[in-house]
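The shown structure was predicted, so the numbers you read here are calculated from the model rather than taken from an experiment.
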Amino acid sequence: MSEITYVRGDATVPLGKGVKVIAHVCNDIGGWGKGFVLALSRRWPEPEAAYRAWHRGRAANDFGLGAVQLVRAERYVWVANMVGQRGIRTGSKGVPVRYEAIDAALTELADRATELGASVHMPRIGCGLAGGKWSRIEPLVEERLVRRGISVTVYDREG
């Protein structure tokens, strides 16, 4: 059985050949401006523009916890905006990460990656500003993606 490949580097510059999906976690309030999304926006305007439009039109679409939006950034590179955190602040209800939403989003991502014949690339999703623990997220990535035969690379920033 395959497993997650861990590398040092930038998830916005995914390694390997073929179609690639860069997966990351977004919040459910339309905020885009801190963390990994800044690196995405430095490379491509489309993921942010699509996310903002998706949030604006949420009354008539599927925007919400657990939803996934696939945005084409280049011919062979897609970005998966996955709504996996409630709000942006740690407060009385704990950290913003919602593991069940990330699980649902990864399940949807697996279907989409399979359709595209794509590998999946990501930072340690849900573990930065969302406040999640990789020890809780890694098994979800293994269960939803790796067990379905999808190649997954996780990038740890150098430095």
Note to self: Restricting to side-chain hydrogen bond (donor to acceptor under 3.5 Å, both in side chains), what partner residues turn up for Asn61, sequence neighbours left out?
What the structure shows: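 Counting only residues at least two positions away or on another chain, Asn61 forms no side-chain hydrogen bond (donor to acceptor under 3.5 Å, both in side chains).
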Taking the side chain as every heavy atom from C-beta outward, state whether [X] and [Y] have any pair of such atoms under 4.5 Å apart.
{"X": "Val13", "Y": "Arg43", "answer": "yes"}
{"X": "Pro123", "Y": "Val154", "answer": "no"}
{"X": "Leu70", "Y": "Val79", "answer": "no"}
{"X": "Glu142", "Y": "Leu106", "answer": "no"}
{"X": "Val97", "Y": "Ile102", "answer": "yes"}
{"X": "Val68", "Y": "Asp62", "answer": "no"}
{"X": "Ser119", "Y": "Val21", "answer": "no"}
{"X": "Thr153", "Y": "Tyr6", "answer": "no"}

Quick one: side chains of residues 28-39, donor-acceptor pairs under 3.5 Å with protein atoms, not counting sequence neighbours, listed by atom name and distance.
unit_1, atom_1, unit_2, atom_2, d
Asp28, OD1, Gly87, N, 2.7
Asp28, OD2, Arg86, NH1, 2.8
Trp32, NE1, Ser41, OG, 2.8

What about [X] and [Y], same hydrophobic cluster or not, with Ile/Leu/Val/Met/Phe/Trp/Tyr joined at side-chain heavy-atom distances under 4.5 Å?
{"X": "Met122", "Y": "Val77", "answer": "no"}
{"X": "Val95", "Y": "Met82", "answer": "yes"}
{"X": "Trp134", "Y": "Val120", "answer": "yes"}
{"X": "Val141", "Y": "Leu15", "answer": "no"}
{"X": "Ile22", "Y": "Leu129", "answer": "no"}

Taking [Y]'s backbone N and O only, do any of them form a donor-acceptor pair with [X]'s side chain (distance below 3.5 Å, no angle check)?
{"X": "Arg8", "Y": "Arg157", "answer": "yes"}
{"X": "Arg72", "Y": "Arg75", "answer": "yes"}
{"X": "Glu108", "Y": "Ala67", "answer": "no"}

How long is the straight-line distance from [atom2] of [Y] back to [atom1] of [X], given to the nearest 0.5 Å?
{"X": "Cys26", "Y": "Ile125", "atom1": "SG", "atom2": "CD1", "value": "10.5 Å"}
{"X": "His24", "Y": "Thr12", "atom1": "NE2", "atom2": "OG1", "value": "11.5 Å"}
{"X": "Leu65", "Y": "Arg98", "atom1": "CG", "atom2": "CZ", "value": "7.5 Å"}
{"X": "Leu109", "Y": "Asn81", "atom1": "CG", "atom2": "CG", "value": "11.0 Å"}
{"X": "Arg42", "Y": "Glu48", "atom1": "CZ", "atom2": "CD", "value": "12.0 Å"}
{"X": "Ile150", "Y": "Arg112", "atom1": "CD1", "atom2": "CZ", "value": "12.5 Å"}

Nearest non-hydrogen partners of [X] and [Y], listed with the distance:
{"X": "Arg148", "Y": "Thr107", "result": "NH1-O, 4.1 Å"}
{"X": "Val25", "Y": "Gly126", "result": "CG2-N, 3.9 Å"}
{"X": "Ala130", "Y": "Gln85", "result": "CB-OE1, 3.2 Å"}

Margin query: Does Arg136 have more than 12 heavy atoms from other residues, nucleotides or ligands lying within 6.0 Å of its CZ?
Written below: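 No - once you tally the heavy atoms of other residues, nucleotides and ligands closer than 6.0 Å, there are 12 at most.
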Note to self: If the threshold is 4.0 Å, N to carboxylate O, is there a salt bridge linking Glu74 and Lys20?
What the structure shows: no
Checklist line | Residue pairs, two or more places apart or on separate chains, that pass ring pair (Phe, Tyr, Trp, His ring centres under 6.0 Å) and touch residues 104-132 | finding: His121-Tyr155
Notebook entry, point to check: Parallel, tilted or perpendicular for His55 and Tyr51, by the 30°/60° rule?
Noted result: parallel
